[in-house]
Structure formats: C-alpha cells, structure tokens
Asker: 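Encoded as structure tokens, here's the structure I'll be asking about.
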Amino acid sequence: MSGLSFILAGMLAAATPFLLAALGELVVERAGVLNLGLEGIMALGAVVAFIVVYHGGGHVAAFGVAAVAGILLSLVFGWLALGLRANQVAVGLAVGILGQGLSSLIGNSYESLTITGLPKLAVPVLSDLPVVGGLFAQDAVVWLSLLGTAALWAMFRYSRLGLILRAVGENPQAARAIGYRVVALRLGAVVFGGAMAGLAGAYAATVYTPLWADGMIAGRGWIALALVVFGTWMTGRIFFGALLFGAVSLASLVAQTENWAVPSQLLSALPYIVTIVVLGIITSNKRLLKINGVASLGEPFGP
Amino acid sequence: MIPRLIRRDRASLRMAVLAPLLALAAAILVNLVLFLAMGKDPAAVFYALLLEPFLGWSSFSEVLLKTGPLLLIAQGLAIGFRAKVFNIGAEGQFILGAIFASAIPVYFPQATGGWIWPAMLVMGALGGALWAVVPAFWRVRLNANEILVTLMMSLIAAQVLNYLLLGPWKDPQGFNFPQSVMFQYDAMIPILLPGTRVNLSLLLALLSAVLAWAYMQRSFGGYQFLVGGLAPKAAAYAGFSESRAIWLSLLIGGFAAGLAGAAEVAGPIGQLQRGISTGYGYAAIIVAYLGGLHPIGIVASSLLMAALYIGGDNAMVSADLPVAAVRVFQGSLLVFYLAAITFVRFRLVWPIRKGGAA
C-alpha cells in the first residue's frame, strides 16, 4: 500500500480521539467554561474501557462505562469550577493530574496487555476505488463520530439549545437576566464534555490501538484543546483540524516504515511541533479570535 | 437545601492558613478509604506514606534531597502563576536543564577542576530558560496560550532526551541502555550534609525562596507582577508592561526548572538517563498552589510533597502500594486544596429562614 493511500485509509480513525474530545470541549467552551483536564479524563476513559473489553464485556458496554467515568471526573471539575467558582485553569490541571493518576493506578495490572479492536464496515463500490478506497472502510465508531459531528454542527447552527449555550458563554449576566439558569447549563455542557472525552479515550485504547499502556494518551487531550482554538470554536473547522492531526500522526508511521533518514523521535514529536506552529499562526490573527472567540471563557460566574 | 456562597468583606487569613491543612486531612481520609478498597492495610500505608519519611535521619535526608528540585521549580512557577502566566511545562524545562548541564561531562569526560559543577548549573539554568523562550515569544508576539505551548514543549523535550540517549550521547560501554556515561567526580555537586546524598543545591533552593520572597513582597517589580495578575486593566493603565511580565515569568520559571534539572544530573543521579525526572515539573504545580503561591508557604508544601515521594517508595515496599497511588494522592490533594481556598474569599450561608442569609 502506498503511503498516500495508507494515510487516507487511516486518518479518520487516527483523528477520532482528537475529534471526540475536541467536540466535547467545544460545547464546554461555547458555554464559557475552560476544562483543561481533558488529558486525564481521556486516560481514565481509556483504561476503564480497556478493562471492560479485556474481561469480555464488549465494546458497547466499554464505551458506556468510559462515558460514565468521564462524567464522574468532569463532575469533580464542575463542583469546583462552577459550584465553588474556583480558578478554572487550576481546577482543570488538578482534575487532569487526578485522572492520569487514577488511570495508571487502575491500569496497573493491565500494563501492555492487548485486546481485539472493531471490524471495518465498508461502503460498497466506493471502498473498492483505487487510492481513496480505504477512506470508505471504517469501524462503526468512526461512522458514528461523523454523524455526531454533523449533529453538533446542526445543533449550533439551527437549534434553540445551541443559541442558548452560546448566549451563556458570551454574556452570562444577560443570559441569567432573561431567565436562563447559567450554572446548570454550564454544568450540563461540562458533563457532555466529560462524556465525550471518556469516549475519546475509549476509542484510543479499545479500537485505534487496542492495548493499555500507562501514558498512552500521549498529549492527545492537550492537542484536542488546541484544536478547539485552531477551529476558532467552529464545528466544521475543528473536524478538519482533527483530520490534519490524524494525517500527521500517520505520516510519522509511514516515514518509519519507508525508512526515511529522520530520527524516529523527531517524527514522534511532529504532532506537538505542528500544534505549536499552527497555534501561533491562528492566534496571531487577533481579529479572527475576537469575532469567533467566547467572551466569558474561563471567567467564574456567580449570582 | 443548597447553601449559598457569599463573598466575605475581606479575605480570611485564618482560612488561608487552614486551607492546606484541611485539604491534607481530606486527602488522607479519602485515599485511606481508597487503599482499603484496594485491599491494602490503611494503617500500614498511612505509616509508610506519611510518618516513616520523617522518622529517622536517613529517610528524612532523602526527603530533603527531593525537596530541593520541587522547591526550586515551584518558586519559579509561583511567580508566574501570581501574574496569571500559567507555565505548566516545567517538566520540559527541567529536562532541557539536565541535557544542557550534561553536555559538559559528556563532551569533556576527562576534564577536572572545581569549575565543572558550577558551570553545569549555569548551563542547566540557561537551557531551561531557553526552552521557555518559545512559549514566551508565542504568547507575546503571536498571542498564543502559554498553557498549551509550554505543555507541547515538554512533550518535545521528552523526545529530545530519548534521541540523545538512544543516539549520540549513549554510553558506548553501557550495554545498550539508554543512558549517558557516568559523570566524573568534579561534575558532582559537593555534599552538604555528610553521610547523606543531600548536596549544596538544597541551599540554592532555599536561597530561591528568599529571593522570591524579597522580589515578590518587597520590590516594585514584584508589585507590578501582582497588579498585572489581579487587575490587568489597572496594570496597563499604570503603565506596567504585560509583555515584560510574561517574558520574566516564563524565563524565571524556565531558569529555576533548568537549574533543578542540572542539579539532579550533577547530584543524586550522576548521569543523563530517562528517569531523571519523576514528574517533578508537574508535582511542582501542586506544590506551588498548595503553598498558597507564597514563597514561605512553598517551602512547607515542597517538604510535604517530597515526603510523599519518599513515603510512596516506602509504601510500595512495605505495604505493596502501586507507585501510581501517590499520583492519585497528589491529584486529590490539589483538588481538595482548590475546594478549601474558596472559603478564603467566600463563606457558606445555609438558607435556614427568610432573611437568615444576611
């Protein structure tokens, strides 16, 4: 298989952990809350999902348990950041550290074990095309994630809920004045973000690379946070950003198999380097951020 | 009935002092329940984790050894945190400090003289500061969030370390282990307390606390930092430069973390290897907060966190506790602390009867 068709075939799957976590965080940030704990929530989701599949519980139950674990950890965040109005940056870091600690504690006796992933579901005819064919043979979670992306896009574009969430993020005082329960709505957004990060971790550890290794999330939660900024808080752009990162992580695999004369460590660091470069390019456009950004992001709100 | 948070007229000093102690008590309670659920003997774990490090000179000297890097890094970070500059990449700056310091003994393994270890410390501090230049430039010039950039720089630093240890800096006689040569005698920082592994760098760490205290509490520059963090608009109006605060915060943080990294390789480790940092850069974030971002408070919190490291090792041996349990303990400690400090500025009011919530 040529490098290009390998990347085309695999990039959706590689993008899915980024995509799920970033879409969850998009909803959280749109509501005006910054949850920096994604990395830890993903790690917790990953380990519990792995354990469920390892003991024969199946992928559906695994994703369910991961979502619940993500929700529980995000409730700790919500309690501190929304209930007690603590500094969201500090709380996010704390929850992230706690999640990573819990994941390595829970996964202690599962280190380096492997399981079976999910089969690919191919679209007839399209998946037989040369070069791009692989793009149309993906596992069920990828197909569902694409549907979910479209649903989220429609939610923000057309629904009342999307409008309310944005109002809560733009001007919580005004939203409260016209009768919306700001803290409850924000908590709802945080819970959704936690569930999505849990699912993202579950996909990483039970489908994309079906194994458990401590630290296997490897910065993907942080890249997902950066993706929300890259996408300037817009669903479609975040989707393409996630695809870019899926492709970048696969490109380093291609380079290794084709024996490019590049140190493998440089290839491993490539997603992080790309993150820094793209972040600088996007954020230096202050006008773009001002138009699309969330006005009250990260500010505590209390009546 | 849900209690309401009412802002206090003035911050409660009593709560500010009590908060870390309350957090510690809550973390101990919750984690002991967790250990019990894991089938460990909570009394044995409690003894090994929290008491044993302080019993006996040899284990306490190991606590002091771990206190050094945590104290240094946390003092540097706290200065930035108070100015609302969130450098969470001390881990990477620490690694770069270790790498820069190691360059001297790696390239001059035969060199002798009393200049070597001081030169390594200087190199390390510069390396750490250099790694912080990227996030500072990105934030000041490109408006990019320093949280994400410092963290990405840490992940890159880990790969740089791997590259050096598997490639050009690997010890040819090292049985293919990813580690450098053992450093020569003159590359080691002199021992401070005879009979222990505690070296002179502990004094540097304590000096950093004094300097941080003098700078933050007593100088105009520190005052500008504080105002910039508390009231950015007022700071701008008064003509305090935000860019300067960001540059200084990140460079000081990187400098201190780099110094700590250098002191590890020129101290207890004595070579460059993968295990140079056991998460000091991340633990120092907890240390900084737990110490109330105050130079004196951080001295106490770094001792506590160092004791947890040593206690964790003890508990692994004596009570069969996984090392990860210490990370859970650290994380929950920060969670409870952040909950507790809410009550420095707010008080709880229970809605008992009408007009009761005054």
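Just so it is clear, the structure is predicted and the values come from calculations on it, not from any experiment. In what follows, chains are A, B, ... by sequence order, proteins preceding strands, each numbered from 1.
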Asker: Does CZ in B/R141 sit with more than 12 non-hydrogen atoms of other residues, nucleotides or ligands closer than 6.0 Å?
Answerer: no

Asker: So, taking the atom named CD1 in A/I273 and the one named CD in B/Q159, what distance separates them when rounded to the nearest 0.5 Å?
Answerer: 9.5 Å

Asker: Side chain from CB out, backbone as N, CA, C, O: work out which of these in B/L333 comes under 4.5 Å of a heavy atom of chain A, or both, or neither.
Answerer: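 Interface part for B/L333: neither.
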
Asker: Check for a donor-acceptor pair, side chain of B/W138 on one end and backbone N or O of A/I276 on the other, with a separation under 3.5 Å.
Answerer: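 At least one qualifying donor-acceptor pair exists.
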
Asker: Non-hydrogen atoms of chain A under 4.5 Å away: do they reach the side chain of B/F329, the backbone, both or neither?
Answerer: neither

Asker: Tell me, side chain or backbone of B/L348 under 4.5 Å from chain A's heavy atoms, or both, or neither?
Answerer: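 Nothing of B/L348, per the 4.5 Å heavy-atom cut-off to chain A.
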
Asker: Going by atom types only, do B/R327 and A/S104 share a side-chain donor-acceptor pair under 3.5 Å?
Answerer: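 A donor-acceptor contact under 3.5 Å links the two side chains.
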
Asker: May I ask you to name which of A/T275, A/I282, A/I281, A/L289 has the most heavy-atom pairs under 4.5 Å with chain B?
Answerer: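 Of A/T275, A/I282, A/I281, A/L289, A/T275 has the most heavy-atom pairs under 4.5 Å with chain B.
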
Asker: About how many Å separate CE of B/M153 and OH of A/Y272, when rounded to the nearest 0.5 Å?
Answerer: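 Separation between the atoms: 13.5 Å.
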
Asker: Quick one: pull up OH in B/Y337 and CG in A/L80 and give me the separation to the nearest 0.5 Å.
Answerer: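 CG of A/L80 is found 13.0 Å from OH of B/Y337.
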
Asker: Would you name the heavy atoms of B/L5 and A/G83 that are closest together and state the gap between them?
Answerer: CD1-O, 3.4 Å

Asker: What's the spacing between B/I156 CD1 and A/Q265 CD if we round to 0.5 Å?
Answerer: 13.5 Å

Asker: With only heavy atoms counted, which part of B/Y163 is less than 4.5 Å from chain A, the side chain, the backbone, both or neither?
Answerer: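 B/Y163 touches chain A through backbone and side-chain heavy atoms alike.
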
Asker: Which bit of B/I285 comes within less than 4.5 Å of chain A, counting heavy atoms only: side chain, backbone, both or neither?
Answerer: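 Contact with chain A: side chain only.
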
Asker: Among the options B/L155, B/V134, B/I341, pick out the one with the most heavy-atom pairs lying under 4.5 Å from chain A.
Answerer: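 Among B/L155, B/V134, B/I341, the one with the most close pairs to chain A is B/L155.
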
Asker: What part of B/F346 lies closer than 4.5 angstrom to a heavy atom of chain A: side chain, backbone, both or neither?
Answerer: side chain

Asker: Using non-hydrogen atoms and a 4.5 Å limit, figure out which bit of A/I106 sits close to chain B: side chain, backbone, both or neither.
Answerer: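 For A/I106, neither part sits under 4.5 Å from chain B.
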
Asker: What part of A/N285 lies closer than 4.5 angstrom to a heavy atom of chain B: side chain, backbone, both or neither?
Answerer: neither

Asker: Just checking B/Q273: does its CD atom have more than 12 heavy atoms from other residues, nucleotides or ligands closer to it than 6.0 angstrom?
Answerer: yes

Asker: Check B/S332 against A/L98 and note the closest heavy-atom contact, atom names and distance.
Answerer: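 For B/S332 and A/L98, the tightest heavy-atom pair comes out as N-CD1, 3.6 Å.
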
Asker: Checking an interface table here. Which of residues 143-151 of chain B come within a heavy-atom distance under 4.5 Å of chain A?
Answerer: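 Residues in range: B/N143, B/A144, B/N145, B/I147, B/L148, B/V149, B/L151.
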
Asker: Using side chain to side chain contact (heavy atoms under 4.5 Å, CB included) as the criterion, point out the one residue from A/L93, A/V89, A/L36 that pairs with B/I88.
Answerer: A/L93

Asker: Side chains of B/T342 and A/R85: does their closest heavy-atom pair fall under 4.5 Å?
Answerer: no

Asker: For the pair B/L34 and A/L105, evaluate side-chain contact (heavy atoms from CB on, under 4.5 Å) and give the outcome as yes or no after the intermediate values.
Answerer: CA-CA 11 Å; B/L34 180 70; A/L105 183 65; 4.0 Å; yes

Asker: Between B/M38 and chain A, which part of the residue has a heavy atom less than 4.5 Å away: side chain, backbone, both or neither?
Answerer: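 When you check distances to chain A, only side chain atoms of B/M38 fall under 4.5 Å.
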
Asker: Is there side-chain contact between B/I286 and A/I97, with at least one heavy-atom pair below 4.5 Å?
Answerer: yes

Asker: Out of A/A86, A/A269, A/G280, return the one with the most heavy atom pairs under 4.5 angstrom to chain B.
Answerer: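 Among the listed options, the one with the most contacts to chain B is A/G280.
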
Asker: Please rank B/A325, B/P135, B/A339, B/G167 by heavy-atom pairs under 4.5 Å with chain A and give me the top one.
Answerer: B/A339

